[in-house]
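For reference, the structure is listed below as structure tokens.
This structure is a prediction, so every number in the text was calculated from the model and none was measured.
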Amino acid sequence: MDGPEILFIATGFLFQIVLIVHFAFRKWRFDVAARYGPIVYALSIPACAVSILILLAGKPWWLWLSGFLYLIWGAFGYTVEYVRGIRWRNPPRWPILGPYLTLYLATIMFYGWPLARISRPLWYAYTVLFVISTALNFASHGRPGESG
């Protein structure tokens with residue numbers, strides 16, 4: 001592994017860890033998750049900077065695309081939730097939910113799939129983190145008083 005691949009790996013794992021922490025707070029301390037939730041979206045900016053470095057290093061598209069997807073998802077999510085304050089989760093507003101989920105899942109997958117080409121053990125570890133974050137995500141939605 002070279003420097004750009006190590007940056008990619010670190011960014012992907014950090015992304016999953018941030019999601020796990022956020023969804024855990026969302027489940028057990030919703031007030032904290034609501035207060036610090038914008039950080040999840042804001043971290044897309046340094047993630048995109050990492051993707052730019054990977055792109056400039058001449059790496060293939062499947063190594064740098066994730067940071068750009070994260071930036072698009074982060075900008076979309078932040079705008080919908082914090083700038084416009086749109087309640088879109090409950091009841092589901094499909095014109096927002098559809099693009100939101102597509103961008104979210106694309107970001108996750110483009111951090112995960114390339115790991116299979118770099119290192120199978122890292123891909124397995126990322127998959128475990130993905131399963132944990134997904135379980136916490138599902139468990140954290142639909143709470144009384146939830147915004148969005």
Side-chain angles (χ1 to χ4, degrees), residues 3-118 122-123 125-127 129-143 145-148:
E5 287 177 345
I6 292 169
L7 273 174
F8 170 81
I9 292 164
T11 305
F13 274 86
L14 180 62
F15 178 63
Q16 278 301 326
I17 291 165
V18 165
L19 290 177
I20 288 169
V21 169
H22 177 69
F23 295 142
F25 275 118
R26 206 176 146 83
K27 174 147 179 64
W28 291 294
R29 292 288 312 271
F30 187 79
D31 59 320
V32 174
R35 187 174 333 124
Y36 295 105
I39 292 172
V40 175
Y41 295 133
L43 287 172
S44 67
I45 296 167
C48 187
V50 168
S51 283
I52 290 169
L53 291 173
I54 295 169
L55 173 65
L56 293 175
K59 294 297 181 179
W61 66 271
W62 46 266
L63 265 181
W64 51 257
L65 182 61
S66 54
F68 293 104
L69 290 170
Y70 186 7
L71 184 65
I72 295 167
W73 172 69
F76 182 76
Y78 183 81
T79 300
V80 167
E81 291 191 51
Y82 296 99
V83 174
R84 303 219 24 220
I86 300 172
R87 296 182 57 90
W88 56 273
R89 288 185 178 94
N90 191 10
R93 293 181 66 181
W94 292 105
I96 296 171
L97 184 60
Y100 184 92
L101 284 178
T102 300
L103 290 166
Y104 171 75
L105 291 172
T107 301
I108 288 174
M109 293 303 104
F110 275 99
Y111 275 122
W113 290 335
L115 285 172
R117 297 179 93 174
I118 296 169
L122 288 175
W123 181 68
Y126 182 89
T127 301
L129 293 178
F130 167 70
V131 169
I132 293 167
S133 73
T134 300
L136 283 169
N137 190 0
F138 280 120
S140 72
H141 283 82
R143 298 179 47 131
E146 172 187 312
S147 66

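Gln16 approaches Phe130 most closely through the heavy-atom pair OE1-CA, 3.5 Å. The shortest heavy-atom contact between Trp88 and Ile86 is CD1-O, 3.1 Å. Taking each heavy atom of Leu122 and Ile9 in turn, the nearest pair found is CD1-CD1, 3.7 Å. Listed here is the closest heavy atom pair of Leu63 and Ser66: O-OG, 4.2 Å. Across all their heavy atoms, Trp73 and Phe15 have their closest contact at CZ3-CE1, 4.1 Å. Smallest separation of non-hydrogen atoms from Ala106 and Leu69: O-CD1, 3.8 Å.
Taking the centre of each ring, Phe25 and Tyr36 stay at or above the 6.0 Å mark. Centroid-to-centroid, the aromatic rings of Trp64 and Phe8 stay 6.0 Å apart or farther.
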**Message:** side-chain contact (heavy atoms from CB on, under 4.5 Å), that's the test. Do Arg26 and His141 meet it? Break it down for me.
**Reply:** CA-CA 8 Å; Arg26 206 176 146 83; His141 283 82; 3.3 Å; yes

**Request:** Given side-chain contact (heavy atoms from CB on, under 4.5 Å), test Phe76 with Leu103 step by step and report yes or no.
**Result:** CA-CA 9 Å; Phe76 182 76; Leu103 290 166; 4.3 Å; yes

**Step-by-step side-chain contact (heavy atoms from CB on, under 4.5 Å) determination, Tyr111 to Tyr126** = CA-CA 9 Å; Tyr111 275 122; Tyr126 182 89; 3.3 Å; yes

**Request:** For side-chain contact (heavy atoms from CB on, under 4.5 Å), just list the numbers for Arg35 and Asp31, CA-CA rounded to whole Å, side-chain angles, deciding distance to a tenth of an Å, and then say yes or no.
**Result:** CA-CA 6 Å; Arg35 187 174 333 124; Asp31 59 320; 4.1 Å; yes

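In this structure, the separation between OG1 on Thr107 and CE on Met109 is 10.0 Å, given to the nearest 0.5 Å. With rounding to the nearest 0.5 angstrom, the CG atom of Leu105 is 10.5 Å from the OH atom of Tyr100. Annotation: the span from Thr79 atom OG1 to Ile96 atom CD1 amounts to 11.0 Å, rounded to 0.5 Å. One distance of note links CD1 of Ile54 with CG of Leu65; it measures 11.0 Å at 0.5 Å rounding. In this structure, the separation between CD1 on Ile72 and CZ on Phe68 is 9.0 Å, given to the nearest 0.5 Å.
You'll find the side chain of Leu97 stays beyond 4.5 Å of the side chain of Arg89, heavy atoms only. Side-chain contact between Leu55 and Trp61 is absent, with no heavy atoms from C-beta onward closer than 4.5 Å. Within the 4.5 Å cutoff, no side-chain heavy atoms of Phe23 are placed close to those of Val40. Residues Asn137 and Leu19 are not in side-chain contact: their nearest non-hydrogen atoms beyond the backbone lie 4.5 Å or more apart.
Only one option out of Ser51, Pro46, Ser44 pairs with Tyr70 in a side chain to side chain contact (heavy atoms under 4.5 Å, CB included); it is Ser44.
Ring geometry, Phe110 versus Trp113: the interplanar angle exceeds 60°, so the pair is classed perpendicular (tilted spans 30 to 60°).
Residue Trp94 qualifies as open at atom CH2: its count of foreign heavy atoms under 6.0 Å is 12 or below.
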